[in-house]
Amino acid sequence: MELGQKLKEIRLTERLTQSEICEVTGIKLGTWKGYEYGARKEVSSGELLKITTHPRFMKYALWLVTDQTAPDCGQISPVIGQ
C-alpha cells in the first residue's frame, strides 16, 4: 500500500477531515492532499515525524513505516479497509 493511502486510512480511522488533520499535525493542506491523491509519492522525513510523533497518531507509527503491528506495545493499524 502506498504511503499516501496509509495516511488517508489513518485520517479516516481517526474521523478527521483533511483540514482537521492538517491543523492537528501542522502539515499544509495542499501537501496532505498531494499525499492522499497520489500527486506526491514520497513523504518528507519532517512530515512523517509530524505524524509519527504526535500523541494521537503514535499508535500507527510502526505500521506506517513497516506494515507491521505490535499490539502488545500499543502499535496498531487503522481499521479502515481491513
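- Partners of V65 according to the side-chain contact (heavy atoms from CB on, under 4.5 Å) rule, which considers only residues two or more places apart in sequence or in another chain, are L48.
- Note: T53 OG1 to M58 CE = 6.0 Å, rounded to the nearest 0.5 Å.
- Applying the salt bridge (charged side-chain N to carboxylate O under 4.0 Å, His left out) test to residues at least two apart or on different chains, the pairs with a partner in residues 45-54 are E47-K50.
- Counting heavy-atom neighbours within 6.0 Å of Q5 CD, excluding the residue itself, gives a total above 12.
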For a side-chain contact (heavy atoms from CB on, under 4.5 Å) check, start with the C-alpha distance between I51 and I27, then their side-chain angles and the critical distance, and finish with the verdict. CA-CA 9 Å; I51 299 159; I27 297 171; 3.8 Å; yes
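- Within the structure, every pair that satisfies the salt bridge (charged side-chain N to carboxylate O under 4.0 Å, His left out) test and touches residues 22-41, not counting sequence neighbours, is listed here: R11-E36.
- For E14, the salt bridge (Lys or Arg N to Asp or Glu O under 4.0 Å) test picks out R56, K59, with sequence neighbours left out.
- Under the side-chain contact (heavy atoms from CB on, under 4.5 Å) criterion, K6 pairs with M1, L3, W63, L64, D67, sequence neighbours left out.
- For residues 29-55, the ring-ring contact (aromatic ring centres under 6.0 Å, His included) pairs, not counting sequence neighbours, are H54-F57.
- Heavy-atom minimum distance, P78 versus E9: CB-O, 3.7 Å.
- With sequence neighbours excluded, the residues forming a side-chain contact (heavy atoms from CB on, under 4.5 Å) with S19 are T17, L29, listed by chain and number.
- Taking the side-chain contact (heavy atoms from CB on, under 4.5 Å) definition, one finds that Q68 meets it with L62, T66, sequence neighbours left out.
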